[in-house]
Every structure is written in structure tokens, then in C-alpha cells.
Amino acid sequence: MMGADEKGYFTEGNSVEVVTGRNAGAKDERLKEVMDVITRKLHEAVKELEPTQEEWMQAILFLTRTGQMCNEWRQEFILLSDVLGVSMLVDAINNRKPSGASESTVLGPFHVADAPELPMGANICLDSKGEDMVIEGRILDTEGKPIANAVIDVWQANDEGFYDVQQKGIQPDFNLRGIFRTGPNGHYWFRAVKPKYYPIPDDGPVGQLLGHLGRHPYRPAHLHYIISADGFETLTTHIFDPDDPYIHSDAVFGVKKSLLAKFNRVNDPGRAKRYEFAGDFWEVAHNFVLARSRT
Ligand code: BEZ
Ligand code: FE
């Protein structure tokens, strides 16, 4: 006579096999693989943690609040993925670069698709607030040759740690954003202001989770870049200020050694005048190396 287990009744011991077995007829092989792995790992976690009904309900309500926080401008699930290190892990798996190519990091929620294309050297700071900064470098291939016609989409927070889209009516539209295109020598330069560290949006369930875990919500000061060129893989990355107080504890784990760029303070009245800066300014030099498209 068959025992209950053999008939496939659910028990604590056979939970994974019963659930994954029920998915045996899935039409999408990848979905089946994903659900098999997730079921196995999730059941393993539940068996190890042995949550009470109240704890499980807390988890359900946390995920419910996370979903309820999402709207056209706010994606709380991506923030959750960011603070769990999953965004950086997916990024790493999908951006294994050849040696010498610049490394990628998270996109973040503050990119806007339609920033203006500006002449090389333009000042992306439209409200004259903050400490002046000039940034320059070259876009190169892995053999060190300049890439012409590379498109550099850059955006950053202001000196108080806010993006323009977080301060509509306070900052001008498209403040501290711009698109630049390299010429034959692959050189780029533009003027901006020194960015400041800022908290990721922390007024929702993800912020509460960080608080309960004794973690701060800050990202060290950085500039965002998306750099694209025909024949090359698009690079989504940042450069970071290595002297920032949060450089070793980025809330979303986005910092990599190769993305640290020295921010130098410059006292040179002649150069300041040429850049139309009032006095001392910051200078950053950073080259980006693009990997050739694999297709
Ligand atoms: C950002 O750098 O813009 C960012 C990245 C992840 C979460 C929140 C903000
Ligand atoms: Fe950012």
C-alpha cells in the first residue's frame, strides 16, 4: 500500500519536491528553472528560520507596503534589490568586462531619457549653486585608441545631495544633466559642481528596514554616466569621490576601486577665468574604456 508521501501529499520533509513536481508541465523551461531554484532556496530559508505565523505575516506586510509604495516615480522593489546587493550582483553577472575596460555600476532611479545635448565644455550647473568643478578625460577602446562620436550622458546630484527631479520648482529642469559627443580625439570635458553624498529615498519600507538593521541610507558623492558608441558595449557607471565619508559604506554597494576619481582643489586664477569660475575650483580627470560589442 502507498504511504501518504508517495502519493505526493505535502509534508515538511518533501515540500520542495511536491511543489517543484507540480510545475513539471511548465511550457517555459526558463520559468521552470527559475521557480525550481527559488522554491528550493526559499523552503531552505523557511526551514532554517522556522518563522512564527506572526513573523511570516510581518514579512508579507513588508512586501505589501513595498508594492504599495511603488508608483510612476518610485520603484521600492528596485530599492530593495539595491540595498540587498542584488542589483549590483545582477549588474556584475551581466557586465563581465575584458581586462582594461571600465567597470559598470548601478543605474539608479534618477536618469532622465531626454536630457539636452550640449556643446563640449558646457556648464551643466544651471543655478550657479555649489562649488565649481571641471571634469575631463578621454573615451578609449581597450587598445588605448580614442573613440570618436561616443555619446556621454551624465547626471549628478547638486551640492546639497538632490537631483533636479527631486526638487521640481527649486532646481531648474535638467540641472546638472547633459549629453556630450566626443570628436576624433575621444576627449570630453564639461563644467559642473562638486556633488555631495545623499540618502537613497528612505521614507518607505526599505528605509525602515535599513533603520532596523542599523544601516544608514547614504550614497557617497558621485557622477553618473551612460557612455555609448557604435561597435561598443554601452557602459553604465559612476565616478566617486574617494574622500567622501560614505565611500566605504555605500547603501547600495555601488563603489568599485576602479571608479574612484581624484577630486583635486585648484587655485589658478588664470584657468578659473577661462572657465568663467569665480575662484578656486575642483578638477577631476578620468578616462573611460569601452569594451567592443560581442555580436
Ligand atoms: C543613484 O545613485 O542615483 C541611486 C542608486 C540606487 C538607489 C538610489 C539612488
Ligand atoms: Fe546617484
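Counting convention: from 1, in listed order, for ligands and their atoms alike.
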Assign the ring pair Y198 / H222 to parallel, tilted or perpendicular, where the plane angle (0 to 90°) is split at 30° and 60°. tilted
Which of the numbered atoms in ligand 1 are under 4.0 angstrom from any heavy atom belonging to R219? 1 (C), 2 (O), 4 (C), 5 (C)
Between D164 and R177, is there a salt bridge with N-O shorter than 4.0 Å? yes
Which is it for L107 and ligand 1 at heavy atoms under 4.0 Å: side chain, backbone, both or neither? neither
Taking only Lys NZ, Arg NE, NH1 and NH2, and the carboxylate oxygens of Asp or Glu, determine whether K97 and E233 approach each other closer than 4.0 Å. yes
Qualifying residue for side-chain contact (heavy atoms from CB on, under 4.5 Å) with L31, from E33, M35, K27: M35
State the CG-CD1 distance between D243 and I247, to the nearest 0.5 angstrom. 8.5 Å
Mind checking whether H224 has a heavy atom under 4.0 Å from ligand 1? yes
Heteroatoms of the protein, restricted to N/O/S, which lie under 2.8 Å from the Fe ion (ligand 2): Y163 OH, Y198 OH, H222 NE2, H224 NE2
Under a 4.5 Å cut-off applied to non-hydrogen side-chain atoms, are K145 and L140 in contact? no
Against heavy atoms of D82, which atoms of ligand 1 measure under 4.0 Å? 6 (C), 7 (C)
Any salt bridge between R74 and D203, counting N to O under 4.0 Å? yes
Assess whether a salt bridge exists between E117 and R181, defined as any Lys/Arg side-chain N lying under 4.0 Å from an Asp/Glu carboxylate O. yes
Report, in ascending order of atom number, the atoms of ligand 1 lying under 4.0 Å from any heavy atom of H222. 2 (O)
To which protein heavy atom is atom 1 (C) of ligand 1 closest, and what is the distance rounded to 0.1 Å? Y198 OH, 2.7 Å
Note: W155, heavy atoms under 4.0 Å from ligand 1, region reported as neither
Under 4.0 Å from one or more heavy atoms of P109, ligand 1 contributes atoms 3 (O), 4 (C), 5 (C), 7 (C), 8 (C), 9 (C)
Any idea which protein heavy atom is nearest atom 5 (C) of ligand 1, and the distance to it? G108 CA, 3.4 Å
Just do the side-chain contact (heavy atoms from CB on, under 4.5 Å) check on F281 and V134 with the steps written out, would you? CA-CA 8 Å; F281 59 94; V134 60; 3.8 Å; yes
Are the charged groups of R265 and E283 less than 4.0 angstrom apart, N to O? no
At a 4.0 Å threshold, what atoms of ligand 1 neighbour a non-hydrogen atom of I200? 7 (C), 8 (C)
Residues pairing under ring-ring contact (aromatic ring centres under 6.0 Å, His included) where one sits in residues 104-126, two or more places apart or in two chains, turn out to be F110-Y163, H111-W155
